[in-house]
Structure formats: C-alpha cells, structure tokens
Q: 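Dumping the structure here so I can ask a few things about it.
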Amino acid sequence: MLGAISSQAAPRYDLVRIYSKIKATKPISIVVPPDDSKRQFLVLQGGQILLLPEDRDSGNAKVFLDLSDKNMIEKDFEEGLLGLAFHPKFKKNGKFYLYHTLQNPKRSCLVERRMSKTDAGKVDLKYERLLLSIPQPFWNHNSGNPVFGPDGYLYVPTGDGGKANDPLDLSQNTFALHGKILRIDVDSNTGALPYGVPKDNPFVGKEGHRPEIWALGLRNPWCIHWDMSSNTLFCADVGQNQSEEINIIEKGGNYGWSFREGTGKFALKHRNPPANAKFIDPIYEYERTLGLSVSGGIVYHGKKIPSLRGRYLFGDWGTGNFWAMKYKKDQPAVVNKLEIGKGTFKPVNFCSDANGELIVLDWKGFLFEMQER
Ligand SMILES: [Ca+2]
Ligand SMILES: [Ca+2]
C-alpha cells in the first residue's frame with residue numbers, strides 16, 4: 001500500500017445532520033456559483049436541482065431545475081443527473097453545465113444551459129446546447145461532476161463505459177472519450193465541434209488521439225477536485241475488486257486501468273501493456289478490507305474544523321470509512337482514518353458550502369456537517 005498511515009492520536013468528530021426537513025434523495029453534489037450570492041444548489045441524481053434555503057432548519061427548498069421527466073434513467077444506481085458546474089463568469093453570462101445520462105440510445109451528455117435574461121433567478125428553459133454526447137455501452141461507470149479548472153477550462157471525468165473488466169478496452173483507447181478526464185473550452189469552437197480544444201491539451205495533433213483528452217486510464221472517477229490553493233487536481237478512481245485509488249492528475253498522464261488496478265496488475269485481464277507504457281501510480285490506495293467504492297472529496301479550507309484544514313477529505317461509499325490526507329507534491333501522502341460517531345453511512349460526495357465549510361452528502365438522502373469533538 002502506498003502512503004503512510006499516521007499513528008498520532010487523532011481528534012474525534014461527529015457528523016451532525018443539517019437540512020433535515022429537506023428531502024435529499026440520492027444527493028450528488030452541492031455547488032455554489034461564483035457570483036457572491038452564497039446560493040447553494042443541491043443536485044439530486046433523480047434529476048432535480050434544489051436551491052437550499054439560508055435557514056438550515058427550513059424545509060423550503062425551491063426547485064431550480066427539474067429534469068426528472070427526461071428519459072435519463074434505466075437503472076438508477078449510476079444513471080441520472082450526475083453533475084452541475086457553473087461557468088466561471090456565471091455572474092455575467094448566466095451559463096452553467098449539466099452532465100447526465102439519457103436513454104435510447106444510452107449515452108452521457110454534457111449540456112450548456114443558461115439563466116433567463118428577463119426572469120431573474122430562473123432558468124431559460126428554451127436554451128439548451130449539447131456539447132458532448134458519449135455513447136454508453138452499459139448502465140454503469142458514467143462518472144460525473146465536471147469542474148472548471150483555474151485555467152477556466154472545463155474538466156470532464158468519464159467512466160470506462162461500464163460492466164466489469166473494461167470489456168471494450170475503452171480506458172486505454174485514445175480514440176474513445178471513455179475512462180478519461182477531458183479538458184474543453186466551453187467559450188470557443190474548434191472546427192465543427194461545439195466547444196474548443198485548448199491548444200495546450202497533451203494530445204493535440206497526435207495521430208490516433210482525441211485532442212480533448214487530458215488524462216487517460218481511469219475506471220470510474222468519482223470525484224475530481226481542483227484545489228485552487230495548490231493548483232492540484234485530485235481524482236478518486238473507483239476500483240473493481242483490488243484497490244480504491246486517490247490520484248493526482250497530470251497533463252497527459254496514464255493512470256493504468258485496465259492494465260492495472262491500483263499499483264498492481266489488474267489480475268482478471270490477461271493483457272500486457274505496450275513495452276513503452278508509463279503509468280502513474282495513485283498517491284494512495286486501499287484494499288477491500290477498508291472499502292469497496294471510493295468517494296473523492298475536497299481539500300478543506302474552512303474555519304470550523306481546524307484539525308482538517310489543508311487536508312484532502314474522502315471516504316468509502318461501501319463501508320462509510322472516512323479519511324483525511326495530507327499531501328504535498330513529491331512527498332508521500334499521509335492519511336488518517338477519522339474517528340466519527342455515526343451509524344451506517346454512504347458518503348457520496350464532500351462539498352464546500354457557501355462559506356467554505358464542509359457538507360458531506362450521504363447517498364441515503366442525508367446531508368451532514370462535521371464537528372470536531
Ligand atoms: Ca456506462
Ligand atoms: Ca489507476
């Protein structure tokens with residue numbers, strides 16, 4: 001196993017339920033637009049985006065957008081509304097981006113939407129611009145939660161298409177957009193594409209490569225996070241049956257799937273990588289004794305939990321285990337398992353609220369804040 005487990009006595013924490021009067025069925029993320037409004041949008045996998053009220057005791061969450069009548073879901077475990085990202089200039093242009101699945105044919109889509117120019121606070125329901133439509137051979141591993149980077153480009157993580165064993169070998173296929181992190185410019189157009197390809201993308205002009213690819217060899221990244229203070233792109237990649245991974249994404253990096261799972265050879269596939277293949281190992285991995293599906297998080301920069309400041313927080317959807325990682329470039333990651341008073345718990349995402357404080361989303365429909373005991 002990579003990364004050291006610290007043996008220091010760790011502080012203890014409690015997860016305290018917030019917004020308990022709001023029905024948060026299968027929450028995916030909480031997103032705060034970059035417009036100083038301090039609004040907090042709760043994305044639900046079933047297709048709704050709710051505007052959380054300022055008062056955490058209120059049950060009055062307005063529906064911002066409702067896509068639940070779209071034919072998004074055949075199998076509700078990994079399909080549905082899987083991401084929302086506000087344009088960095090949202091305040092000016094009102095644009096935001098949704099990532100969701102659609103059926104017949106099964107696909108995952110990145111769509112640009114915008115706010116009404118006449119009806120303040122409402123979405124222009126007539127405007128919809130399709131940027132990406134990625135065919136999905138299977139219902140699972142669609143990835144999600146695209147984010148804008150410090151460069152203003154949109155980073156879109158995609159899964160390997162699904163089923164087990166990456167059966168179509170898509171993650172290493174540089175013609176395919178599956179099993180990748182894509183980097184696109186939503187503000188321009190390259191050729192006939194509805195988006196621009198940044199000229200400094202690593203595979204621009206390279207034969208046999210889609211130029212949108214920023215990194216490859218991923219299985220089902222859930223989730224990616226740009227820590228703007230250290231200019232680092234974190235990526236949790238869900239494993240199959242060997243390892244759950246935390247990766248630092250580098251331009252043009254190959255993260256190994258499905259030749260490898262974690263730092264080891266992916267044992268179920270009898271396929272050897274090309275002799276010149278170079279893979280980037282995760283900075284941390286854990287095995288089945290600790291969990292079975294990693295949920296990546298955020299680097300915490302809030303004020304309420306001093307012991308976690310500057311730490312990357314992540315957890316496991318299967319076991320409810322929860323960790324804080326201290327990471328500095330070129331140094332081994334130090335990971336602490338957090339002692340948390342809780343019952344069964346399925347962390348699906350770790351988000352910042354409008355004040356930069358942590359909100360943990362439980363797939364069972366609960367939102368929590370964390371308090372140091
Ligand atoms: Ca899929
Ligand atoms: Ca990997």
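First listed ligand is number 1; within each ligand, the first listed atom is number 1. Computed from a predicted structure; not experimentally measured.
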Q: Determine whether more than 12 heavy atoms belonging to other residues, nucleotides or ligands lie under 6.0 Å from atom NZ of Lys251.
A: yes
Q: Quick one: how many protein N/O/S atoms are under 3.0 Å away from the Ca ion (ligand 2)?
A: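 Protein heteroatoms (N, O, S) closer than 3.0 Å to the Ca ion (ligand 2) number 3.
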Q: Relative to each other, are the rings of Phe41 and Phe86 parallel, tilted or perpendicular (30° and 60° limits)?
A: tilted
Q: Going through the distances and angles, do Trp363 and Phe77 end up as a ring-ring contact (aromatic ring centres under 6.0 Å, His included)?
A: CA-CA 10 Å; Trp363 204 59; Phe77 185 52; 5.5 Å; yes
Q: So that I can tick it off, tell me whether Lys106 and Glu79 are bridged by a salt bridge, with the cut-off set at under 4.0 angstrom between side-chain N and carboxylate O.
A: yes
Q: Could you give me a count of protein N/O/S atoms that are under 3.0 Å from the Ca ion (ligand 1)?
A: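 That number is 5, waters not included.
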Q: Let me know which of Lys70, Lys95, Arg114 forms a salt bridge (charged side-chain N to carboxylate O under 4.0 Å, His left out) with Glu128.
A: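 Considering Lys70, Lys95, Arg114, a salt bridge (charged side-chain N to carboxylate O under 4.0 Å, His left out) with Glu128 is found only for Lys70.
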Q: Quick one: hydrophobic cluster around Leu130, which other residues, with the 4.5 Å side-chain cut-off, linked directly or via members?
A: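 Once heavy-atom contacts under 4.5 Å are chained together, Leu130 belongs with Val111.
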Q: Any donor-acceptor pair under 3.5 Å linking the side-chain atoms of Ser258 with those of Gln172?
A: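 Not at all, the side chains of Gln172 and Ser258 share no donor-acceptor pair under 3.5 Å.
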Q: Taking C-beta and beyond as the side chain, do Pro198 and Arg183 meet within less than 4.5 Å on heavy atoms?
A: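 They are in contact (side-chain heavy atoms under 4.5 Å apart), so the answer is yes.
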Q: If you link ILVMFWY side chains whenever their heavy atoms are less than 4.5 Å apart, which other residues fall into the same cluster as Val16? By chain and number, please.
A: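 Via sub-4.5 Å side-chain contacts, Val16 links to none.
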